[in-house]
Amino acid sequence: MVKLTMLARVTDGLPLAEGLDDGRDVNNVELYKQQAKSLFKNLSNSQHDPSRMSIETGPYVFHYIIEGRVCYLTMCDRSYPKKLAFQYLEDLKNEFEKVNDSQIETAARPYAFIKFDAFIQKTRKLYLDTRTQRNLAKLNDELYEVHQIMTRNVQEVLGVGEKLDQVSQMSSRLTSESRIYAEKAKDLNRQALIRKWAPVAVVLGVVFFLLWVRNKLWR
């Protein structure tokens with residue numbers, strides 16, 4: 001099952017978007033988010049990392065692809081099919097490039113593409129059940145192969161001898177960014193509701209006002 005989804009700009013590791021509802025059933029989810037951010041930073045400092053890789057971490061596996069200056073990363077259970085994980089990332093890539101490609105380089109703040117969470121959640125649901133006819137067809141697609149994609153251990157990638165408690169020094173900053181990200185998502189949802197219902201409220205207000213005026217005139 002897909003547990004986490006994060007997008008970052010490769011040139012500097014800047015987080016661009018994240019699945020807001022991801023990771024609720026993951027123990028130590030903040031630790032894995034910290035590892036993901038460390039991976040983004042490593043990628044931004046290296047010119048020779050493969051554009052596709054799987055990275056084992058505890059009971060999970062990070063899968064990522066790099067396309068057009070963006071790293072698309074997901075964390076799944078080890079039992080989740082590798083082919084589906086990479087096709088999930090391909091779907092995210094195609095939509096993100098179509099909608100946001102011209103703004104990637106100019107993004108100046110973390111999570112500038114917060115609205116992309118809606119597409120992440122919608123697409124993630126399509127990949128939750130590996131037994132659906134849609135996903136079985138993807139698994140049997142011989143044109144999409146993942147056997148050549150390298151698999152490594154997270155500590156190999158983050159650096160020989162690097163300890164997870166060193167990575168956790170980023171915890172307070174990551175928690176703060178996640179809180180800001182969630183608050184912005186709530187604000188966007190509130191604004192959407194206001195835009196949806198404000199015209200109805202105005203119309204009802206006018207109707208009630210006209211009824212009140214008519215009652216006054218007929219008295």
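Positions are given from 1 along the sequence.
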How long is the gap from [atom1] on [X] to [atom2] on [Y], to the nearest 0.5 Å?
X	Y	atom1	atom2	value
Arg124	Asp91	CZ	CG	14.5 Å
Thr57	Leu31	OG1	CG	7.0 Å
Asp12	Asn45	CG	CG	10.0 Å

Testing the basics here: between [X] and [Y], what is the closest heavy-atom pair and its distance to 0.1 Å?
X	Y	answer
Pro81	Thr130	CD-CG2, 3.7 Å
Asn100	Phe116	ND2-CD1, 4.2 Å
Ile55	Asn153	CG2-C, 3.9 Å

**Q.** Of all pairs that satisfy side chain to side chain donor-acceptor pair (under 3.5 Å), the ones with a partner from residues 73-82, not counting sequence neighbours
**A.**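 Qualifying pairs: Lys82-Thr151.
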Q.
If you count heavy atoms of other groups shown closer than 6.0 angstrom to CD of Glu105, is the number above 12?
A.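 Check passes, neighbour count above 12.
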Q: Step through the shown structure and confirm whether more than 12 heavy atoms of other residues, nucleotides or ligands are within 6.0 Å of CZ on Arg131.
A: no
Just by distance, do the side chain of [X] and the backbone of [Y] share a donor-acceptor pair under 3.5 Å?
X	Y	answer
Lys41	Gly13	no
Asn135	Leu126	yes
Glu90	Phe86	no

(Q) Side-chain heavy atoms nearer than 4.5 Å, only ILVMFWY residues, links allowed to pass through others: does that put Val146 and Leu136 together? (A) yes
Q: Establish whether Ile194 and Leu204 are linked, either directly or via other cluster members, by ILVMFWY side-chain heavy-atom contacts under 4.5 Å.
A: no
State, with a plain yes or no, whether a side-chain heavy atom of [X] is found less than 4.5 Å away from one of [Y].
X	Y	value
Thr123	Glu95	no
Phe96	Leu16	yes
Leu7	Phe113	no
Met6	Phe40	yes
Val10	Ser44	no
Lys33	Lys37	no
Leu4	Glu18	no

(Q) As a quick check of understanding, evaluate side-chain contact (heavy atoms from CB on, under 4.5 Å) for Tyr88 and Ile120, giving each step before the final call. (A) CA-CA 9 Å; Tyr88 167 65; Ile120 291 175; 3.7 Å; yes
(Q) What verdict does the side-chain contact (heavy atoms from CB on, under 4.5 Å) test give for Val99 and Lys115, after you've listed the backbone C-alpha separation in whole Å, the side-chain angles of each residue and the deciding distance to 0.1 Å? (A) CA-CA 11 Å; Val99 176; Lys115 294 182 180 180; over 6 Å; no
Per-pair distances, 0.1 Å, donor-acceptor, side chain in residues 59-71, under 3.5 Å, sequence neighbours excluded:
unit_1, atom_1, unit_2, atom_2, d
His63, ND1, Ser54, OG, 2.7
Tyr64, OH, Pro50, O, 3.1
Glu67, OE2, Arg52, NH1, 3.3
Glu67, OE2, Arg52, NH2, 3.4
Arg69, NH2, Asp101, OD1, 2.9

Q) Can you tell me if Gln121 and Asp117 form a side-chain donor-acceptor pair at under 3.5 Å? A) yes
Q | side-chain contact (heavy atoms from CB on, under 4.5 Å) between Lys138 and Tyr127, intermediate numbers included | A | CA-CA 10 Å; Lys138 286 181 174 292; Tyr127 283 87; 3.3 Å; yes
Q. Hydrophobic clusters join Ile, Leu, Val, Met, Phe, Trp and Tyr when side-chain heavy atoms are under 4.5 Å apart, directly or via other members; which others share one with Leu128?
A. Met1
